[in-house]
Amino acid sequence: MSFKDNYQAEFARAAEKAFPVAYPDTPSSNLNAESIFGMLGLPKDHKMGRFCLPVFRFAKELKTKPPEIAQELCDAMNDILAAESSDIRCEAVGGFVNARIDPANMARSTLSDILEQGERFGLSDEGKGQTTLVEYSSCNIAKPFGIGHLRTTIIGNSLRLIFQKLGHTVVGINYLGDWGTQFGKLIVAYRLWGEGLDLTENAVEKLYGLYVRFHKEAEDNPELDEQAREAFKQLEEGNAEEQKLWERFRTLSLKEFERIYALMGIEFDWITGEAFLNDKMEPVIERFRKAGLTSISRGAEVVDLHDEQLPPLLLRKADGATLYATRDLAGLLYRWDTWYFSLMLYVVATSQSDHFKQVFKAVDLLEQAEGIPEEERASARVAHVDFGWVKFMDTATGSAQMMSTRKGNIVFLEDVIAKAKALARERILQRNPDTEDIDKTAHMIGVGAIVFSQFMAKRQKDISFDWDQVLSFEGETGPYLQYTHARLCSLLRHYEAEVPSAFDPAYLGGEEEQRVVELLYDFPRALHDAAGNFDPYYIGTHLLKLSAAFNKVYQRKDEQGKIDKIISEDHAERTQARIVLVKAVQTVVGEGLRLLGIPAPQQM
RNA sequence: GCCCCCGUGGUGUAACGGAUAACGCGUCGGCCUCCGGAGCCGGAAAUUCAGGUUCGAUUCCUGACGGGGGUACCA
């Protein structure tokens, strides 16, 4: 997953050779290209160079002031680099050796690559032979799709695409919450108040109403909870009546979820659920027993994790019923047997972090006890991709609040989509009423705004769901990226001819163009950052930089204060070079948006 | 009580232990006889506090204060 920049590697090799030249008497300890590569950083301002080597750490050993070292090293490196006719040149500034790349050569190679490879730019085969599982969305049957499920759905969907791009065989898993005591509650509620309901329409909404009512009434009538436990027990034991109800709830819910996934462009490779594991838990519990890892505590059968500073993992409750941890264990082992994955990601909120620690640890103890070597253990290949809360900004009180599905305090994703789409449509009619298929485009923009709102911060951070922010189309938003893409497409239409295959990079030597080229070159790195951190945020933020850099070129003015147009009939060759740049940016922005799960309209 | 995460301008967020702390929104002031102004340019404005490690700390360590989460028979 690590990403090796060729220029940086070349620079590091030159530095390795330069040290003995500049300081022949110093036993430059541990100084090889590898370690120097690791020391490289980014200049504070990209105008200072592509990357840099801080030399402060050598001052003590060399008994020399950092600026002097930088200068000596820089001179020696430039000699070496020049002799190798490298594209890199160094510059000493303070205690740093800054690297500059020949802009024309970098533009030529980067743009040719993108033109040639198209949307395959950044594609890699490094994940070849590796199977990566991503579990995400995992919404609960009989509960509406609220914005609480937005983050896991969007992050997971994007990770699936990102790992595919890196050559992995990816299995996107939707692990539905279709089992558990909640269904006992629902069954009881349905029998009490739901028999007459017409569930052919808005089934989820109606079932959810029953669920909320159950919780309200159970507050005054604890006996309901008792009934719910009993109903779930019946369900788990395979009682036909309860089974039938459950199946009906499940089918109706799934139908509705599929509609919403289609609206959002979310895809899965395997839709399963907790119930799928019903017959797979007992053998797993037996395996734990055999390994000597189970004990009875307060009537429940548990895996003690006291030594790991974790609460015990409950395999069976005192009444014999299983829990979600039991199912997660069985699920993990089932998937391991089925795919022998190299990596499995659980995209689940951070509030469940202890739960996953327990499950992973329990599996680890099991594999240890069974004598499975470390590199063959499933427990070494799983990760909890956690993320912060989506808090709901209550405009009435101005404070962020948690949403609770039990209390019925929830924002429906479908309402959010509809609202975003309506606003986008208004905007299109007002700005570009000639847009083809306004309805479809408005939908793309609405979805783009919603999806990108989840990439506003790194996943670990809480984000507050704020209507104003999600429906904002300006600044660092999905629609800004989409707008940039549409504008690029517009330029290509305007150019009318084919994008030239040959161009003179000398025309792209301006500071603004150079910056765009650099960011294009860095796209694969952003891809690796996203994969390595399990966070598409890094792609989002990179696309924002790239778009901003291009928009700067686009609106640049000449000495007379007039816009320096991309397309100019008086400068055919310059126009060719610029159109190549436009095509490359459009390709990368479009592909980046795809990886985030955001549609890229050609006009809007 | 114990464990985990988080404290950066008015606000939402950035910043491999490195150079003058970056960007969006908001705010103030500019830019189209327009290749798409959903854009671009420029102001004002910030690292919770106290120690420590380091040549160098927003970043690492300790403590305080503040916020959030978790803490076995829900998921």
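Each chain gets a letter, A, B and so on, in the order its sequence line appears, and its residues count up from 1.
The stretch residues 445-455 of chain A touches RNA chain B through A:Ile445, each having a heavy atom within less than 4.0 Å of the strand. Of the residues in residues 46-53 of chain A, those with a non-hydrogen atom less than 4.0 angstrom from any atom of RNA chain B are A:Met48, A:Cys52. Of all the residues in residues 482-498 of chain A, A:Tyr483, A:Ala486, A:Arg487, A:Ser490, A:Leu491, A:His494 reach under 4.0 Å from RNA chain B with at least one non-hydrogen atom.
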Enumerate donor-acceptor pairs with a distance under 3.5 Å from any side-chain N or O in residues 293-315 of chain A to protein atoms, sequence neighbours excluded.
from	atom 1	to	atom 2	distance (Å)
A:Glu301	OE1	A:Arg289	NH2	3.1
A:Glu301	OE2	A:Arg289	NE	2.8
A:Asp304	OD2	A:His306	N	3.3

Donor-acceptor pairs are to be reported for all side-chain atoms of residues 224-233 of chain A against protein atoms at under 3.5 Å, with residues two or more places apart or in another chain.
from	atom 1	to	atom 2	distance (Å)
A:Glu226	OE1	A:Arg229	NH2	3.1
A:Glu230	OE2	A:Gln234	NE2	2.9

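When the side-chain hydrogen bond (donor to acceptor under 3.5 Å, both in side chains) test is applied to A:Asp386, the partners found at least two apart in sequence or on another chain are A:Thr350, A:Arg459. Residues satisfying the side chain to side chain contact (heavy atoms under 4.5 Å, CB included) test with A:Gln430, not counting sequence neighbours, are A:Arg427. For A:Lys357, the salt bridge (Lys or Arg N to Asp or Glu O under 4.0 Å) partners at least two apart in sequence or on another chain are A:Asp354. Here A:Thr322 pairs with A:Glu236, A:Arg327 under the side-chain hydrogen bond (donor to acceptor under 3.5 Å, both in side chains) rule; sequence neighbours left out. Checked against salt bridge (Lys or Arg N to Asp or Glu O under 4.0 Å), A:Arg487 has no partners two or more places apart in sequence or in another chain.
Between the side chain of A:Ser297 and the base of B:A72 there is at least one donor-acceptor pair of N/O atoms closer than 3.5 Å.
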**Message:** So if I define the base as every atom that isn't primed, P, OP1 or OP2, how would nucleotides 56-61 of chain B read as a B/S/- string at a heavy-atom cutoff under 4.0 Å?
**Reply:** ------

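Dashed line: the shortest gap from a side-chain N or O of A:Gln555 to OP1 or OP2 of B:G37 is under 4.0 Å.
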At a cut-off of 3.5 Å, list every protein nitrogen or oxygen paired with a nitrogen or oxygen from nucleotides 12-14 of chain B, distance to 0.1 Å.
from	atom 1	to	atom 2	distance (Å)
B:U13	OP1	A:Asp462	O	3.2
B:A14	OP1	A:Lys458	N	2.9

